Asker: 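Please find one structure pasted underneath; my questions will follow.
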2 protein chains.
Amino acid sequence: MKRLLLTASLLGVAPALADEGMWTYNNFPSATVKAKYGFEPSQDWLDTVRLSSARFGYGCSASFVSADGLVMTNHHCARGCIQQLSTAKKDLIANGFYAKTPAEELQCPALEINQLQEITDVTEQLNTATRGLTGKAYADSLKAEMAKLEKACTTNDAVRCDVVTLYQGGRYNLYKYQRFQDARLVFAPEHAIAFFGGDPDNFEFPRYDLDVAFVRVYGKDGKPARPSHYFKWSEHGAKEGELTFISGHPGKTSRGLTISQLEFLRDVSLPRHLFRLSELRGLVTEYQNRGAEQKRTSNNLLFGVENSLKANKGKLEQLADKNFFAQKLAAEQELRSKVNADPKMKAKYGMAWDEIARAQQTHRNILKEYEAQEGGPSSQLFSLARTLVRAAEELPKPDAERLRGFNDASLPTLKLQTMSKAPIYPELEVAQLTFSLTKMREDLGPDHPFVKKVLGKESPRTLATRVVQGSKLADLKVREQLFSGGKAAIAASKDPMIQLALLVDPDARAIRTRYETEVEAVIRKNSELVAQARFDIYGTKLYPDATGTLRLSFGAVKGYPEDGKQVAPFTFMSGTFEHATGEEPFALPKSWLAAQKQLSPNTPMNFVTTNDIIGGNSGSPVINQNAEIVGLVFDGNIQSLGGDYGYDETANRAVSIHSDALIEALQKVYKADRIVQELRPGTASTGKGGSGPQ
Amino acid sequence: MKRLLLTASLLGVAPALADEGMWTYNNFPSATVKAKYGFEPSQDWLDTVRLSSARFGYGCSASFVSADGLVMTNHHCARGCIQQLSTAKKDLIANGFYAKTPAEELQCPALEINQLQEITDVTEQLNTATRGLTGKAYADSLKAEMAKLEKACTTNDAVRCDVVTLYQGGRYNLYKYQRFQDARLVFAPEHAIAFFGGDPDNFEFPRYDLDVAFVRVYGKDGKPARPSHYFKWSEHGAKEGELTFISGHPGKTSRGLTISQLEFLRDVSLPRHLFRLSELRGLVTEYQNRGAEQKRTSNNLLFGVENSLKANKGKLEQLADKNFFAQKLAAEQELRSKVNADPKMKAKYGMAWDEIARAQQTHRNILKEYEAQEGGPSSQLFSLARTLVRAAEELPKPDAERLRGFNDASLPTLKLQTMSKAPIYPELEVAQLTFSLTKMREDLGPDHPFVKKVLGKESPRTLATRVVQGSKLADLKVREQLFSGGKAAIAASKDPMIQLALLVDPDARAIRTRYETEVEAVIRKNSELVAQARFDIYGTKLYPDATGTLRLSFGAVKGYPEDGKQVAPFTFMSGTFEHATGEEPFALPKSWLAAQKQLSPNTPMNFVTTNDIIGGNSGSPVINQNAEIVGLVFDGNIQSLGGDYGYDETANRAVSIHSDALIEALQKVYKADRIVQELRPGTASTGKGGSGPQ
């Protein structure tokens with residue numbers, strides 16, 4: 001696998017003419033785009049694109065694509081909802097879904113969609129609140145000030161406000177969103193084509209996937225919402241070499257981290273995470289053999305585990321690359337020597353790297369306890385129990401003193417998640433809880449006081465079985481009673497999952513406080529200094545690391561070299577059929593086999609662009625300079641997995657579905673004329689009526 | 001976890017007075033032992049100990065403990081045999097086994113026990129044969145000369161001869177063994193006490209295990225063999241601080257490797273191996289839920305996977321330790337600068353490290369193909385098929401030209417393994433084969449020509465199911481016919497597993513040749529130079545890295561510091577009962593619960609010594625200076641897992657069962673008077689007759 005070499009971001013300087021950067025909307029390098037591609041996005045253009053973009057759930061991107069609130073994203077972004085709407089008899093993941101009429105659109109149990117309205121710089125407020133403070137005082141003040149700013153901004157339930165930490169603390173921005181909490185599933189193809197090639201082809205290119213889903217946002221009046229802006233559809237997609245923009249929510253990059261932080265990732269955190277994911281993958285793979293229903297109900301978990309596993313392996317390989325790491329080290333040494341060469345800068349910033357290193361050492365020391373206690377057992381029922389236990393404890397406190405996530409500004413999201421109608425599968429819960437309790441014992445050892453307290457004389461499986469089977473938290477009414485009943489209701493509850501959450505909570509809070517005070521606060525405070533040093537030395541035309549918030553990247557449709565050959569930028573529908581073997585994950589759904597003759601074999605299927613993206617960008621629209629949809633991002637190539645730590649224009653690629661393939665499939669495979677009409681008003685109907693996936 | 005610091009071995013110099021070293025019997029530092037402990041082993045003492053020691057199967061150690069061929073080893077060393085002798089109705093792993101009379105002793109299906117008779121230095125012969133050669137010519141000549149020496153030494157089937165590569169090629173010794181191929185199970189306790197604490201307590205201390213088994217070697221006349229030497233039993237075990245020796249077969253250490261080799265392990269090979277083991281662990285853990293019989297038949301696999309996983313995680317943590325690695329680097333730099341300071345040495349040795357680094361790079365490049373092709377699908381049936389396919393191809397060739405393992409000198413072992421009566425479990429075979437075919441596709445990608453050739457249009461599971469269910473290789477007669485029928489029989493075979501092995505073999509051989517020529521030969525040749533440079537500079541009183549051959553280590557009964565506390569060197573029988581929860585893996589067997597009142601609570605159960613050991617030493621006798629048994633090695637503490645790369649006397653410990661605990665349990669729990677009488681002739685009988693494990 002080709003690994004990336006020297007990149008601008010490694011040196012801490014602004015990328016010159018490379019297609020690098022996940023840019024914030026308030027610091028977009030329009031002049032660079034103009035210089036390289038001859039098009040300069042105006043403020044108006046940027047505003048339109050921003051308002052046509054959407055955040056989808058927690059960890060995905062999307063776009064508004066019609067005047068009537070139609071939202072386009074990936075199938076793998078919507079699969080939580082699709083799965084939750086499925087039953088043993090009606091498996092929408094396997095068979096797909098198409099609402100032929102508005103009335104057939106199905107409400108997602110716990111899906112929130114956000115549209116970014118406004119960005120305000122609040123750096124000064126946060127810095128004032130924390131000036132001169134360290135440790136717990138620093139962490140508490142920061143938390144309190146964030147809560148205050150968010151609460152003041154949240155004028156009603158349809159508004160969501162988040163303070164966003166940029167440049168590892170170099171800047172704080174307040175992001176104000178329009179919040180949609182009623183989203184309904186309109187269309188999803190069969191899993192077999194949405195994820196054709198499965199895990200073996202994931203993060204690979206050439207690819208042949210139709211990883212798309214459509215939902216519609218509704219207002220409180222139960223009618224389709226009409227977003228202020230939406231993207232129009234391009235007539236012919238994008239040609240090779242054409243300028244493309246991707247507007248979405250890249251989740252997390254680590255390009256600005258210091259060497260001690262990268263070492264922690266490389267030597268401790270990533271390997272641990274990968275061992276755990278690998279084991280869980282083996283477990284769930286075999287769990288699927290328990291039966292058809294167990295397979296169905298664990299498919300999402302397996303998908304998530306495998307996706308994360310492959311992505312994180314790519315990250316670890318990047319960090320294990322000696323040459324790459326040496327470059328990172330050299331860049332840090334250069335920055336530090338520039339800081340040290342100036343007495344004023346030295347006094348202000350000089351110790352920041354060592355302080356971060358010290359905090360990382362503390363992090364190493366408490367990591368296993370943190371993960372076992374505050375990370376907590378992984379089970380939906382346990383998560384619900386913990387949220388209920390903590391809500392009872394936190395909500396009576398003044399807003400500024402609560403744990404993050406329990407502030408007034410967060411309540412709509414908290415309620416949506418806690419009162420979700422999504423099904424819970426007890427058998428899978430037992431398996432997951434057994435696994436995480438076993439890991440807890442393995443990490444801390446059977447003689448650790450916390451392990452003894454949690455397990456007593458029970459084995460992980462015995463305990464897991466008892467608390468899952470005895471819990472009534474799957475019942476929405478029980479959760480509502482516990483939520484509204486507060487501390488008294490929690491204290492009186494005999495629910496064994498609530499009791500487990502209560503048992504664990506004091507240790508979890510203690511280790512969380514230690515982490516926030518001794519690790520997070522130190523890193524945040526000193527990262528702020530490192531960021532300021534970079535601004536002082538390299539200027540402010542830098543993009544911040546990704547933080548799950550809206551960013552805009554630019555690039556072009558372009559192939560790349562691999563193993564001495566050039567990979568072409570497009571695949572075609574004909575290739576989809578050529579790659580089918582009839583066996584999972586290379587088996588096409590019946591609908592595609594039936595429609596093969598109608599489909600134009602030369603329709604571009606998937607394509608790659610040089611846009612700088614990362615996980616979280618899934619579901620992002622790819623647009624041309626007219627702000628028209630030319631594609632839908634669903635992946636990055638394997639080379640881009642190192643993108644967490646840098647960007648290499650020669651080989652890092654975003655992988656998208658071509659806009660023509662979307663229309664072709666909607667029309668000819670799924671006869672989804674209603675959607676096509678919405679996307680491209682005036683498109684001729686196939687005249688055959690909708691049939692949808694079989 | 002405390003990690004080891006500077007050790008003599010890191011510097012390439014002979015350890016001064018530390019208890020470091022897995023010494024060969026022809027280079028034992030008796031003077032060092034005398035200086036530190038006041039006892040100097042004589043040549044006669046060394047010969048007696050060597051001849052009373054035994055190699056057990058492939059990967060374990062043992063000792064002769066009676067005049068009538070009784071052999072003592074660990075339960076986990078004999079568990080292959082115990083499992084093979086079990087059935088769904090008669091589970092000897094769960095319930096234990098005791099042959100009350102000689103007639104009840106059960107023959108192990110494929111167990112070989114070796115007693116080391118003689119060591120001859122053949123360095124000059126090998127060096128002469130390979131002088132001036134490189135690449136394929138070097139590899140071929142080395143292989144041919146080894147085969148020649150081994151064949152000349154093997155005067156009959158009861159003799160086994162192996163050329164052993166020491167100091168990474170700095171020395172070659174010919175080891176001549178007495179070979180025992182008829183070994184019968186005499187005693188095994190229940191798994192629950194043999195592995196009390198299970199994986200959570202594995203490699204931990206304090207421990208409370210009775211990880212012992214006894215077998216007896218028989219001659220060709222069907223009567224118990226009478227070994228020339230055996231260990232007597234000590235009356236009281238060893239006291240704190242007392243000198244102890246451990247004679248056994250440590251499997252592999254990597255203390256003499258160069259930095260590029262260690263980097264390969266740290267960055268590539270160990271993480272890959274751990275990801276795979278982790279996934280397999282998850283898979284087998286969940287496979288055990290398929291049913292009681294599936295649990296029984298997969299227990300050994302799970303044990304092996306978990307044991308290997310924990311051991312290798314410890315190794316990776318050691319290599320990921322920055323300070324440790326910096327010391328290794330400094331030691332190499334010191335050696336290289338001494339070499340470079342002397343023009344003659346520089347000319348002779350100077351390039352060796354770079355050549356090894358280049359070979360490691362080649363290794364990285366071909367690793368995935370090597371593992372998929374020559375590593376091959378992991379399944380017992382596939383292994384049998386490959387052996388049969390290769391035997392047919394190799395045996396007609398002149399001895400010197402055959403693949404290693406198919407030489408005349410190896411035939412008795414080859415036949416024992418190929419014609420083993422051990423049961424094969426098709427359901428487990430399908431699961432394992434599916435897993436390894438899936439990994440093959442994942443590693444090489446679905447479009448790799450080898451993957452396409454192997455899978456065709458089948459999925460891993462479809463293929464695995466077809467070839468396992470269609471194969472007749474579980475039938476011993478079928479294997480005998482294919483073995484004796486040679487190439488014609490193989491070519492005519494319709495057995496799908498044979499056909500799969502035939503399909504894979506050309507690629508496997510090609511990559512094996514590349515590996516042997518471009519990696520192994522280069523590393524071997526240059527490692528020889530590194531070793532010579534060490535001898536020239538630091539002298540020859542160095543111990544070689546472990547190679548699975550007989551070594552002797554010395555040390556003393558001694559606790560160690562951990563997390564600021566001192567861990568005492570002994571545990572006692574009372575602690576065994578205190579740690580029982582009644583739930584696996586902390587549930588005691590009924591026999592122990594029933595005998596609790598008879599057992600003396602103050603009997604030492606397990607204990608630790610400073611002896612330098614590693615995996616493969618399992619089953620080694622711990623002896624005092626009178627060459628009497630004082631214990632039985634079954635583990636190392638968690639700190640010792642880094643022992644692959646160095647030794648730290650402050651915390652590395654061998655973990656053993658105390659000799660008194662063995663007698664106490666045999667007498668009072670198992671009423672195994674026949675064994676006790678053999679071990680300690682004249683010991684008073686309990687007078688109650690043998691009952692054995694329940």
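Below, all heavy atoms of this structure are taken into account, side chains as well, without hydrogens, waters or symmetry copies. Throughout, a chain's letter reflects where its sequence line sits, starting with A, and its residues are numbered from 1. The shown structure was predicted, so the numbers you read here are calculated from the model rather than taken from an experiment.
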Asker: Please classify the contact of A:Lys322 with chain B as side chain, backbone, both or neither, using a heavy-atom distance under 4.5 Å.
Answerer: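 Just its side chain gets close to chain B.
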Asker: Can you tell which part of A:Ala580 gets under 4.5 Å to a heavy atom of chain B, answering side chain, backbone, both or neither?
Answerer: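 A:Ala580 touches chain B through backbone heavy atoms alone.
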Asker: Let me know if A:Arg290 has heavy atoms under 4.5 Å from chain B in its side chain, its backbone, both or neither.
Answerer: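 Just its side chain gets close to chain B.
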Asker: Starting from the C-alpha separation in whole Å, work towards a yes-or-no answer on side chain to side chain contact (heavy atoms under 4.5 Å, CB included) for B:Arg461 and A:Asn289.
Answerer: CA-CA 11 Å; B:Arg461 184 171 301 277; A:Asn289 292 324; 3.5 Å; yes
Asker: Which members of residues 426-441 of chain A, sorted by number, sit under 4.5 angstrom from chain B on a heavy-atom basis?
Answerer: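 Residues in range: A:Lys439, A:Arg441.
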Asker: With a 4.5 angstrom heavy-atom cut-off, which part of A:Leu316 approaches chain B: side chain, backbone, both or neither?
Answerer: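 Looking at A:Leu316, just its side chain touches chain B.
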Asker: May I ask you to check whether over 12 heavy atoms, not counting those of A:Glu584, lie within 6.0 Å of atom CD?
Answerer: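 Open.
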Asker: Where on A:Glu263 is there a heavy atom nearer than 4.5 Å to chain B: the side chain, the backbone, both, or neither?
Answerer: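 Just its side chain gets close to chain B.
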Asker: May I ask you to say whether B:Lys457 pairs ionically with A:Glu583, meaning some side-chain N is under 4.0 Å from a carboxylate O?
Answerer: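 Salt bridge flag = no for A:Glu583 with B:Lys457.
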Asker: Surrounding CD of A:Gln361 (heavy atoms of other residues, nucleotides or ligands, distance under 6.0 Å), is the total greater than 12?
Answerer: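 Yes, CD of A:Gln361 has more than 12 neighbouring heavy atoms, counting only those of other groups under 6.0 Å.
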Asker: Minimum heavy-atom separation for B:Asp267 to A:Ala320, with atom names?
Answerer: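 So the two residues come closest at OD2-O, 4.1 Å.
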Asker: Just checking heavy atoms, which of residues 276-288 of chain B are less than 4.5 Å from chain A?
Answerer: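 Expected list: B:Ser278, B:Glu279, B:Arg281, B:Gly282, B:Leu283, B:Glu286, B:Tyr287.
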Asker: So which part of A:Pro446 gets closer than 4.5 Å to some heavy atom of chain B, the side chain, the backbone, both or neither?
Answerer: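 Contact with chain B involves the side chain of A:Pro446 alone.
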Asker: Do A:Glu458 and B:Thr581 touch side chain to side chain, with heavy atoms closer than 4.5 Å?
Answerer: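 Contact flag for A:Glu458/B:Thr581 side chains = no.
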Asker: When only pairs under 4.5 Å are counted, which of B:Gly445, B:Ser459, B:Gly197 shares the most heavy-atom pairs with chain A?
Answerer: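 The candidate making the most pairs under 4.5 Å is B:Ser459.
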Asker: Give, as side chain, backbone, both or neither, the part of B:Glu442 having an atom under 4.5 angstrom from any heavy atom of chain A.
Answerer: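 Just its side chain gets close to chain A.
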